[in-house]
Protein chains: 2
Amino acid sequence: MKKARLKDVAVLAGVSQGTVSNVFNRPELVREELRERVLAAAKKIGFRGPAPAGRVLRSGRSNLIALVVDASLHYILNDPFGQKLLSGIAEVCDAEHIGLTIVSADAERRDGWSIESAIVDGFILFCITEDNTLVELARRRGLPFVAVDSGEVPGAGAVDVDDRTAAAEAARHLTGLGHRRIGILSLEMDDKERTGLVDEARFATISYTTPRSRLLGYRDAFAEADVDPADVVVYECLNDAPSVEEAIRVMFAPGREHPTALLAMSDTMALAACGALARMGLSVPHDVSIVGFDDVPEAERASPPLTTIRQPVEEKGRVAARMLLAGEREHRVLPTSLVVRASTIPAPSEKRSARAAREPAPVQDL
Amino acid sequence: MKKARLKDVAVLAGVSQGTVSNVFNRPELVREELRERVLAAAKKIGFRGPAPAGRVLRSGRSNLIALVVDASLHYILNDPFGQKLLSGIAEVCDAEHIGLTIVSADAERRDGWSIESAIVDGFILFCITEDNTLVELARRRGLPFVAVDSGEVPGAGAVDVDDRTAAAEAARHLTGLGHRRIGILSLEMDDKERTGLVDEARFATISYTTPRSRLLGYRDAFAEADVDPADVVVYECLNDAPSVEEAIRVMFAPGREHPTALLAMSDTMALAACGALARMGLSVPHDVSIVGFDDVPEAERASPPLTTIRQPVEEKGRVAARMLLAGEREHRVLPTSLVVRASTIPAPSEKRSARAAREPAPVQDL
DNA sequence: CCAAATCGATGAACCGATTCAAGGACCCCT
DNA sequence: AGGGGTCCTTGAATCGGTTCATCGATTTGG
C-alpha cells in the first residue's frame, strides 16, 4: 500500500484537496460535519497528516535553525565552549518552538547534511577557526545568518566580545603581579593545523581573527608595562591537550629560563597546561601563574581554581539566536570581565629575576 | 529579483531542466561544453544550486536524524546523560555525513519543530520519562525509529541496559557492606511531576519503566539480604537538586533514625544528595554511603568520587544511531557494571548504631 | 424583498527539484 | 547503405502540500 496523500483523502471524502488541507491546518474554517467526514476518510486509508516535506516546499519555512561549526559534531558537543553556546541557543529555540540542528562544515564535502543541503531557516555560524569560509558558504546559500566570534560581517548579524581589550586585561593582570617573562598558548591561526613557536613572520600571516585580536591585546598590555618582547614566547596550539603538552615541553625545556606565567587563549588549554606542568613537577601557581580565557564551568572547579577572562558564552548563543529569528543585522559586542581566582600569584621577587637577567640570553622567538 | 530556479537556468542556457539538474548532481553525464554553458547561465542569474527542499520532496531523503526527548532542548544539552547520548550519536553522524537535530516533545504542541513536523529520516527516541507517548507519536509518523531506555518495542529497534539487574547489583553492594536502613532516591514515576514518599499504592501505579525496573532490582537485593522493607524509604524526585534536597530533608528529619546509605537512580541525584547532606553537616561516606547510577564523568571527579553503576551511555547513542541508519529492529541490551569508588563504606557497627539511636538528635540546619 | 455580507468549499497555480524511458546524433563496421 | 552501438539530452511524470481568488449558498440588514 502506497503512502496516502492529501489528494487520496480528498477523493475518498469527495471534497477538494484544499479542504482536506484546511481540515488539518485550519479546522475552524471547515464545517464540522464535513471535517469529520474527511477525518474518517483519512483514518480509513491510514493518512498520517500532511507530509512536512510538501509543506516546507510550499511555505518556505522549516522552523529549524542550524548551528554551523567547522569541526565535527562530536567535537562541538564535547567542548565546554560549544556546549554553552548550544545551551544558549537552545533556550531561545525552546521558547520559540524552533528546532535546532548542528551542521558540521568540517570537510569540504557537499554530500549529506551540509550548509548547502540543510533545510533550515537560517544559520548561526561559529568559526572556531575564525575563517571566513563559513560566511562565504552561508552567503552563497542565501539564507539569513548570524556569525559568532567572527567580527563584523557586512549584511549579516554578528555577536562578539572585544577580544583585544579582554586579552589586554588578562595580560595586565599578570604584569601587575610583576610577571615579565610570559608564555602565550595561542589558538590556531589558520586552518593548517600547524603547531609550533610563533615568530614575527608567522604573526604577520595570521588569518583567524580571534588569535590575532588576543595577541594584539596581550601586546598592548606588555607595551604599557615595558615588558621586553624578547621575554615573551608564543606557541600555537590546537586547543587540545597534546599540543599544549608540546608547547609546555618547549617553553619549559631544561637549561632554559622558563616563563613565570602563562596566558592561554582558552580554559581548555589553560587546564591542559596545568596538567602538563604538574607532570613536570611544576606547581601552579607557585612556579607558574596561569590565566585562561572563557571561564568555562570547569575553570572554577579546577584545582587551583583558574584565573580567567569570563565571556558570556551562553548569552552569545541566546543573542545570536534571537537576532537570527528577528532578522537583525547589527554587530553586537558582549562584555567580558577578569575573574581572579587562585591560579595567579605575584611573580618571584625582583632580585631573583634581576639575577636571572644577567644570565645568558634565552632563545628569542617573537 | 525572485530567486532563480532550475528551470530559469534551463531556459537561459537553452537546455532542459533535467540537464541542469544533471550538471549539478552528476556532472559526468553532461558534455563539458554544455556543462560550462549551464554553469555560466546559472552564475549569470545568481542561481545558488538546487534548493534542498525540492530535492527532499522528490528523493524522500533528508540526511538528517533526530534525537527526540520529552524535555526541553536546554535540559538535554545540560544533562550529563543527555550530553553523552548525543555525543555517541554524533560520532556516527560524523562518520556517515548525516545531520543531527534535537526534537523536543516537551509540550503537546504540534507547531514549530515537532515529531509530526520534523523533516528527518528517522528518530532516536529517548524517554527520560519512560512514557510510551513518544513511541506512539513516532509510529504515527511512519518513520523508522529506535528507542533508547524504553524496553522492547515491537516493530522498532531498541537499546537498553538491564536496569533491574544493575540496580540489584548496586543494592547488593550496600547490603554486602552491612547497610540495613537504606533510602532510595527515585526518578519520576510518571509525567505528573510529583515528588514525595512512595508507598505500596504509589508503587503499583508507576508508569515509567526505568524507575520500576530499578526499584524491583533494589528489592531483589533486599530480599536476598533479608533487609526489612520497613527500613527502606523511597522518595520520588525530579532528577534535580531541589527535589533531592527535599527528599534528604525528609529522610534525615530530626528525631528519626536516618538511613545509613542511599541508592540514587542517577548520578545527578547522587551528587545533589552529597551536596544536601554536606549542608546538613553529614559527611559522605562517613555518615552516609551513596551509590549513584550512570557513571557520568562528574562522578569520578566528585569528592568523594562516587560509587555508581556504569552504563555505556555514549555507546547507547552509537548503537542506536547505527541501528537506525541500518534499519535494524532488534532489542539490544548493553552491559553495566558496578564501579566502586569512595562514596561507600561499611555500615556502622550494630552496637554503635544502637547507641546512636538513643542519643538526642543532632541539631540540623536545613 | 432586494442588496450586502458571511461562510464554506473549490480548483488551479505554484513551490523546486529528480528521474527515467525514449529519441536524436554520431560513429563503426560490414 | 544499413544495422548496431554509444553517448547525450529531452520531456514529462512525480514528489505532497498551501494558498487564494472566486463562486454558490445562506444570513443579515434596511
Rounded interatomic separation in angstrom, taking CG from B:N22 and P from C:dA17: 14 Å

Hey, are B:E188 and B:K192 close enough for a salt bridge, meaning a charged N less than 4.0 Å from a carboxylate O? no

OP1 or OP2 of C:dT18 under 4.0 Å from side-chain N/O of B:S21: yes

Looking only at side-chain N and O atoms, does A:R26 come under 4.0 Å of OP1 or OP2 in D:dT19? yes

Under the 3.5 angstrom rule, does the side chain of B:S117 hit a backbone N or O of B:S114 as a donor-acceptor pair? yes

Looking across every strand, which nucleic acid part, if any, lies under 4.0 Å from A:A51 by heavy atom: base, sugar-phosphate, or nothing? sugar-phosphate

Whichever of B:Q17 and B:E28 has its nearest DNA chain D nucleotide further upstream toward 5': B:E28

Once you round it to whole Å, what is the distance between P of D:dT19 and CG of A:L57? 12 Å

Once you round it to whole Å, what is the distance between P of C:dT6 and CG of A:L29? 15 Å

Between the side chains of A:Y75 and A:D240, is a donor N or O closer than 3.5 angstrom to an acceptor N or O? no

Residue pair B:V30/A:R58 against DNA chain D: nearer the 5' end by closest nucleotide is B:V30

Nearest-Å distance for atom pair CG/P, residues A:L34 and C:dC7: 17 Å

In whole angstroms, how far is the C1' atom of D:dT9 from the CD atom of B:E33? 13 Å

Over all atoms of both residues, closest heavy-atom pair of A:V103 and A:I115: CG1-N, 3.7 Å

Look at all strands and tell whether B:S59 reaches a base, only sugar-phosphate, or nothing, counting heavy atoms closer than 4.0 Å. nothing

Identify whether any heavy atom of A:F24 sits under 4.0 Å from a base atom; if not, whether one sits that close to sugar-phosphate; answer base, sugar-phosphate or nothing. nothing

Is B:R31 near enough to D:dT9 that one of its side-chain N or O atoms lies under 4.0 angstrom from OP1 or OP2? yes

d(CZ, A:R5; C1', D:dA13) in whole Å: 12 Å

Hey, is the side chain of A:S16 poking within less than 4.0 Å of OP1 or OP2 on C:dT10, counting only N and O atoms? yes

B:R55 CZ to C:dC15 P, straight-line distance once rounded to whole Å: 19 Å

When all nucleic acid strands are considered with a 4.0 Å heavy-atom cut-off, which category describes A:V56: base, sugar-phosphate, or nothing? nothing

Does a donor on one side chain and an acceptor on the other come within less than 3.5 Å for A:S104 and A:W113? no

Between atom CG in A:N25 and atom C1' in D:dT18, what is the gap in whole Å? 8 Å

